Novice: 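Let me give you the structure first, and then I'll get to my questions.
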Amino acid sequence: MKFPGKRLFLENSSPLPLIESCKSIKQALQVHSQIIVNGLHRHIFSMSRLISFFALSGSKDGLNHSRLLFSQIDCPNLFIWNTMIRGYSRSDSPQEALVLYMSMIAEGVESPNNFTFPFLLNSCARLSSLEPGHEIHCHIIKNGYQSDLFIRNSLIHLYSVFGDLSHARVVFDGSFVRDLVSYNTMISGYAQDLPRAALCLFREMLDMDIQPDEFTFVALFSACSVLTDPQIGKQIHNLLYKNLSSIDSNILLKSAIIDMYAKCGLMKMAEQVFSAIRNSKSTAAWSSMVLGYARCGEIEIARHLFNKMAERDVVSWTAMISGYSQTGQYSEALELFVEMEDQGIKPDEVTMVAVLSACARLGALEFGKRIHHQYIENGSFDQNIILTTAIINMYAKCGSIDAALKIFHGIQENRKTSFLFNSIISGLAQHGLGETAIRFFREMVSAGVKLDEGSFVAVLCACSHSGLVEEGKKLFESMFDVYGIRPQMEHYGCMVDLLGRDGRLEDAYDLIQKMPFEANSVIWRALLGACRIHGNVKMGEIASQKLLEVEPDHGAHYVLLSNMLANSDQWDEAKRVRKLMEDRHIQKPPGWSYIELNGTIHQFLASNKSHPQAKEIELMHKEMAVQLKSVGYVPNTAQVVFDIDEEEKGTVVSYHSERLALAFGLVNCSPKDVIRIVKNLRICGDCHSVFKLLSEIYEREIVVRDTIRFHHFKTGSCSCLDFW
DNA sequence: ATAGGGTTAG
């Protein structure tokens with residue numbers, strides 16, 4: 001390509017206007033060569049113009065080229081140093097800005113000025129540690145620039161980025177002059193973590209007669225999104241209308257409003273704003289709509305919008321994936337993630353969190369492991385405690401508590417959050433490792449990590465799964481007395497479970513009576529479970545009746561009640577309950593089990609033989625029966641209440657979904673592999689005995705996750721020690 | 001030549 005302005009390079013003429021009019025790096029390179037040809041490369045002013053162009057071009061090549069030119073200058077002036085620092089502050093390697101700054105000081109020719117520090121602080125704000133930022137702050141004071149408004153505003157930004165809002169506020173409050181930018185920066189800093197403080201500061205800003213602009217409103221809507229308070233959101237929206245003459249209502253602002261309404265679940269309002277911009281391809285606004293609809297349960301509308309998007313970025317894909325994940329459609333979430341990978345879109349931390357959460361809920365260990373190894377272990381992600389928590393949660397919920405613990409122990413003490421502790425404690429609880437769970441709980445307390453409702457749910461669960469009655473009672477009492485956390489329904493549920501399993505049914509019932517709220521189905525189900533274990537039919541019937549009142553549409557409750565009656569030989573009553581169920585057209589919820597093989601999830605429904613490998617599975621199933629018979633096993637059909645003969649009952653039990661999944665696992669997994677099964681209901685008593693026997697017969701380790709906990713079957717026994 | 005913005009999350 002010929003550059004049009006060649007004739008400008010006459011003797012004594014300056015190439016400056018040309019550099020300014022360059023539209024591309026390529027053109028600028030041509031100008032550069034012309035400068036050299038004309039001997040102007042010793043001309044410091046031309047060179048500094050050229051360096052600026054390349055350094056601020058926004059491209060990596062441009063920046064590298066400017067560095068090359070920079071290194072050829074003997075004694076760069078402050079403007080050139082500043083320009084280089086500014087270039088790196090926006091690049092992929094902001095730490096390079098600090099390196100340059102240090103060498104500038106080391107050379108001792110130039111000292112930093114009021115322009116240097118905002119660029120440097122911008123670089124610091126993009127590093128992974130606040131430490132360099134602190135050092136630069138010291139330099140600012142040493143050089144006497146602490147009252148410069150631009151520098152103060154950059155400092156507020158720096159501290160907010162690292163979540164140190166109190167420090168940001170100290171800088172804000174210590175400024176003699178505060179302008180619109182000071183307020184906007186501070187309000188944006190507050191928006192995500194302290195939304196109420198953001199609104200307060202906005203009020204203060206109005207009192208000080210500082211007119212808000214579109215940036216202010218974007219931050220305010222972001223705060224309202226966090227608050228999910230539609231009242232306040234609407235108020236701010238009205239205020240925006242009043243100020244509209246002075247405010248540029250751009251697409252970013254509209255996106256923030258859409259996001260606010262979507263987060264508040266007001267999809268009609270969101271739709272109104274969205275209709276004005278739906279033809280533009282604002283991916284943020286579309287993504288907010290997608291997530292908004294998904295969260296309202298309108299997953300099909302969400303998917304429809306997602307499909308119609310002109311362009312999808314990571315955020316859009318993540319919105320749809322977490323939409324599936326948050327509405328319980330975990331397989332769909334993973335499927336969409338694979339599609340995203342196929343399209344060559346790189347997931348980010350947030351995508352990983354959504355995908356790992358779906359893996360955890362499904363018990364998809366292989367899938368979760370792949371994500372961990374492929375993206376996170378050799379990955380480019382920052383050390384992010386939310387992501388680490390998601391990984392630990394995935395391993396724990398998928399039955400690999402050892403892997404979870406190993407990662408947990410590798411985390412620095414000061415990075416351990418409540419979420420992290422709660423997650424590992426509930427993982428330990430699910431595995432029946434009550435003592436260890438309590439140890440972690442104590443560690444959490446002594447480390448000064450804040451306890452919350454979730455911490456107590458986790459630790460009380462751990463007590464109940466391990467039969468630690470006295471510890472559980474003490475912890476429950478200390479909850480409010482020591483930690484000031486008022487027990488909620490979930491905590492009472494744990495206690496009912498804890499007392500009930502221990503056979504203290506009267507105590508459990510008393511606790512339900514004394515609770516400050518009406519018991520929900522979870523509580524009655526816990527009591528009923530305990531009644532079944534301890535054979536207390538009378539209280540069991542009370543619990544069942546209550547269950548039918550609270551949730552009359554839930555088939556499982558009818559089954560539980562009729563089981564209970566049948567077990568105490570009240571066959572007529574049992575039949576009556578069955579009849580009631582039929583009359584109300586209530587279906588028994590289907591039992592299913594998952595097993596993962598090579599990253600694919602295979603689902604088995606009870607008595608369903610439609611799997612592609614049905615023949616092999618059936619053969620293995622027969623073989624299992626023969627083996628069981630040879631060790632003298634007799635089916636326990638206590639939990640089958642159908643009015644059928646004994647032999648048939650045995651057949652029904654033997655086709656439970658977990659058995660089919662196990663047969664599939666024995667056919668397909670290599671002998672050293674652990675067979676991992678996830679069930680949507682509690683494992684039945686007979687299957688539990690059978691799995692113990694088969695773990696010995698086939699010398700296999702089998703892990704079953706049911707709705708309550710994990711069962712590790714090995715050499716003829718189960719980790720739950722039959723306490724479940 | 002300098003400062004501030006929206007979307008995803010356990």
Side-chain angles (χ1 to χ4, degrees), chain A residues 48-49 52 55-56 78-83 85-87 89 112-122 125 145 148-158 160-161 175 179-189 191-192 212-222 225-226 248 250-260 262-263 282-292 294-295 312-323 325-326 347-357 360 384-394 417-423 454:
Chain A
S48 99
R49 284 305 200 178
S52 294
L56 306 178
L78 186 55
F79 178 90
I80 297 179
W81 280 107
N82 284 348
T83 304
I85 292 171
R86 186 184 179 191
S89 76
N113 68 357
N114 56 318
F115 290 104
T116 319
F117 289 115
F119 301 142
L120 273 178
L121 291 169
N122 257 347
Y145 284 105
D148 184 284
L149 184 59
F150 280 86
I151 295 176
R152 295 195 78 89
N153 288 343
S154 305
L155 279 168
I156 297 170
H157 176 63
L158 171 75
S160 316
V161 163
S175 303
D179 67 355
L180 176 61
V181 177
S182 321
Y183 276 95
N184 282 351
T185 312
M186 198 62 231
I187 291 174
S188 321
Q192 291 291 314
D213 68 357
E214 60 268 31
F215 293 139
T216 325
F217 277 98
V218 167
L220 289 172
F221 286 120
S222 159
S225 300
V226 178
D248 167 32
N250 58 29
I251 197 157
L252 273 62
L253 183 52
K254 291 207 171 84
S255 303
I257 300 168
I258 291 167
D259 187 60
M260 181 274 290
K263 287 257 170 62
S282 162
T283 49
W286 281 78
S287 304
S288 294
M289 293 300 286
V290 167
L291 197 76
R295 281 190 179 163
R312 296 181 203 99
D313 62 6
V314 211
V315 179
S316 334
W317 284 89
T318 306
M320 195 62 228
I321 291 168
S322 47
S325 195
Q326 285 170 21
D348 69 1
E349 289 93 329
V350 186
T351 325
M352 297 287 90
V353 170
V355 172
L356 288 168
S357 150
N384 177 331
I385 195 64
I386 297 174
L387 182 56
T388 310
T389 305
I391 298 165
I392 288 178
N393 186 51
M394 181 276 291
T417 61
S418 311
F419 269 114
L420 180 69
F421 270 104
N422 293 356
S423 186

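As a basis for the values below, the full set of heavy atoms in this structure was taken, side chains included, without hydrogen atoms, waters or symmetry mates. These numbers were taken from a predicted model, which means no experiment stands behind them. Numbers restart at 1 for each chain; the letters A, B, ... are given by sequence-line order, proteins then strands.
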Novice: Rounded to whole angstrom units, what separation is found between the CZ atom of A:Arg295 and the C1' atom of B:dA9?
Specialist: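 Whole-Å distance recorded here is 9 Å.
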
Novice: Is the distance from OP1 or OP2 of B:dA3 to the nearest side-chain N or O of A:His157 less than 4.0 Å?
Specialist: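 It does not, given that no N or O in the side chain of A:His157 lies less than 4.0 Å from OP1 or OP2 of B:dA3.
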
Novice: Rounded to the nearest Å, what distance is computed from the CZ atom of residue A:Phe217 to the C1' atom of nucleotide B:dG4?
Specialist: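 Rounded to the whole Å, the gap is 15 Å.
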
Novice: Using the side-chain heavy atoms of A:Phe215, tell me which of these nucleotides is nearest: B:dA9, B:dG6, B:dG5.
Specialist: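 Of all the options, the side chain of A:Phe215 is nearest to B:dG5.
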
Novice: Side chain of A:Ser154 only, heavy atoms from C-beta on: which candidate in B:dA9, B:dG10, B:dA3 is closest?
Specialist: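 Nearest to the side chain of A:Ser154 among the choices is B:dA3.
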
Novice: Roughly, in whole Å, what's the span from OH in A:Tyr183 to C1' in B:dG4?
Specialist: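 That distance rounds to 15 Å.
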
Novice: Under 4.0 Å, heavy atoms only, any strand: does A:Asn422 hit a base, just the sugar-phosphate, or nothing?
Specialist: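 Counting heavy atoms under 4.0 Å across all strands, no contact is made by A:Asn422.
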
Novice: Could you list by number each residue of residues 112-119 of chain A showing a heavy-atom separation from DNA chain B of less than 4.0 Å, or answer none if no residue does?
Specialist: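 When residues 112-119 of chain A is checked for heavy atoms under 4.0 Å from DNA chain B, the hits, listed by number, are A:Asn113, A:Asn114, A:Phe115, A:Pro118, A:Phe119.
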
Novice: If you check the A:Thr417 side chain, which of B:dG10, B:dG4, B:dA9 turns out closest?
Specialist: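 Selected nucleotide: B:dG10.
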
Novice: Grab the CD1-P distance between A:Ile187 and B:dG6 for me, whole Å please.
Specialist: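 My rounded result for the distance is 13 Å.
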
Novice: Identify which one of A:Ile257, A:Leu253, A:Asp213 satisfies the side-chain contact (heavy atoms from CB on, under 4.5 Å) criterion when paired with A:Val218.
Specialist: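 Testing A:Val218 for a side-chain contact (heavy atoms from CB on, under 4.5 Å) against A:Ile257, A:Leu253, A:Asp213 leaves exactly one candidate, A:Leu253.
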
Novice: Select one nucleotide: of B:dT7, B:dA9, B:dA1, the one nearest the side-chain heavy atoms of A:Asn82.
Specialist: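 Selected nucleotide: B:dA1.
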
Novice: Between A:Leu56 (CG) and B:dA1 (P), how many Å, whole number?
Specialist: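 It is 11 Å, rounded to the nearest whole Å.
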
Novice: Of the candidate nucleotides B:dT7, B:dG10, B:dG4, which contains the atom at the shortest distance from the side chain of A:Asn122?
Specialist: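 The closest nucleotide is B:dG4.
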
Novice: Can you check whether A:Gln192 has a side-chain N or O nearer than 4.0 Å to OP1 or OP2 of B:dA9?
Specialist: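 No, no such contact exists.
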
Novice: If you check every side-chain atom of A:Ser255, which of B:dG4, B:dG6, B:dG10 has the closest atom?
Specialist: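 Within the option list, the nearest is B:dG6.
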
Novice: Of the nucleotides B:dA9, B:dT2, B:dG4, which has the atom closest to the A:Phe150 side chain?
Specialist: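 Within the option list, the nearest is B:dT2.
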
Novice: Which heavy atom of A:Leu356 sits nearest a heavy atom of A:Ile391, and at what distance?
Specialist: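 Closest approach of A:Leu356 to A:Ile391: CD1-CG1, 3.6 Å.
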
Novice: For the CD atom of A:Gln192 and the OG atom of A:Ser225, what is their distance to the nearest 0.5 Å?
Specialist: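 A:Gln192 atom CD to A:Ser225 atom OG measures 8.0 Å (nearest 0.5 Å).
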
Novice: Please evaluate the base of B:dG4 for a donor-acceptor partner in the side chain of A:Asp213 within a cut-off of under 3.5 Å?
Specialist: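 Answer is yes: a donor-acceptor pair is held.
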
Novice: Between B:dG4 atom P and A:Asn153 atom CG, what is the distance in whole Å?
Specialist: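 For the pair A:Asn153 CG and B:dG4 P, the rounded distance is 9 Å.
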
Novice: In terms of side-chain heavy atoms of A:Leu291, which of B:dA1, B:dT7, B:dA9 is nearest?
Specialist: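 So the side chain of A:Leu291 is nearest to B:dA9.
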
Novice: With a non-hydrogen cut-off below 4.0 angstrom, is A:Ser52 in contact with a base, only sugar-phosphate, or nothing?
Specialist: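 Here A:Ser52 touches no strand at all.
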
Novice: Using whole Å, report how far CZ of A:Phe221 lies from P of B:dG4.
Specialist: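 Atom-to-atom, A:Phe221 to B:dG4, this comes out as 22 Å.
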
Novice: Taking all heavy atoms of A:Leu78 and all of A:Pro112, pick out the closest pair and write down the distance.
Specialist: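 Scanning both residues, the minimum pair turns out to be CD1-CA, 4.4 Å.
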
Novice: Do any side-chain nitrogens or oxygens of A:Arg152 fall under 4.0 Å of OP1 or OP2 in B:dT2?
Specialist: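 So the side-chain polar atoms of A:Arg152 never come under 4.0 Å of the phosphate oxygens OP1 or OP2 of B:dT2.
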
Novice: Compare all side-chain heavy atoms of A:Met289 with those of A:Ile258 and state whether any distance is below 4.5 angstrom.
Specialist: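 Yes; the side chains approach each other to less than 4.5 Å.
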
Novice: Has A:Ser357 got a side-chain atom pairing as donor or acceptor with A:Val353's backbone, closer than 3.5 angstrom?
Specialist: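 Such a contact is absent between A:Ser357 side chain and A:Val353 backbone.
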
Novice: Take A:Asn113 and A:Asn82 through the side chain to side chain contact (heavy atoms under 4.5 Å, CB included) test and state the conclusion after the steps.
Specialist: CA-CA 9 Å; A:Asn113 68 357; A:Asn82 284 348; 3.2 Å; yes

Novice: For A:Thr318, is there any backbone N or O sitting under 3.5 Å from a side-chain donor or acceptor partner on A:Ser322?
Specialist: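 Between the backbone of A:Thr318 and the side chain of A:Ser322 there is a qualifying donor-acceptor contact (under 3.5 Å).
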
Novice: With a non-hydrogen cut-off below 4.0 angstrom, is A:Val350 in contact with a base, only sugar-phosphate, or nothing?
Specialist: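 Base, at least one base atom sits under 4.0 Å.
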
Novice: Rounded to whole angstroms, how far apart are CE on A:Met260 and C1' on B:dG6?
Specialist: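 So the two atoms are 13 Å apart, to the nearest Å.
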
Novice: Could you check which of B:dG6, B:dG10, B:dA3 has an atom nearest any side-chain atom of A:Val353?
Specialist: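 Minimum distance to the A:Val353 side chain belongs to B:dG10.
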
Novice: Going by ring pair (Phe, Tyr, Trp, His ring centres under 6.0 Å), name the residues that satisfy it together with A:Tyr145, two or more places apart in sequence or in a different chain.
Specialist: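 For A:Tyr145, the residues satisfying ring pair (Phe, Tyr, Trp, His ring centres under 6.0 Å) (neighbours in sequence not counted) are A:Phe117.
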
Novice: For B:dA3, does either OP1 or OP2 sit under 4.0 Å from a side-chain N or O belonging to A:Asn184?
Specialist: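 So the side chain of A:Asn184 is outside the cut-off, no N or O lying under 4.0 Å from OP1 or OP2 of B:dA3.
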
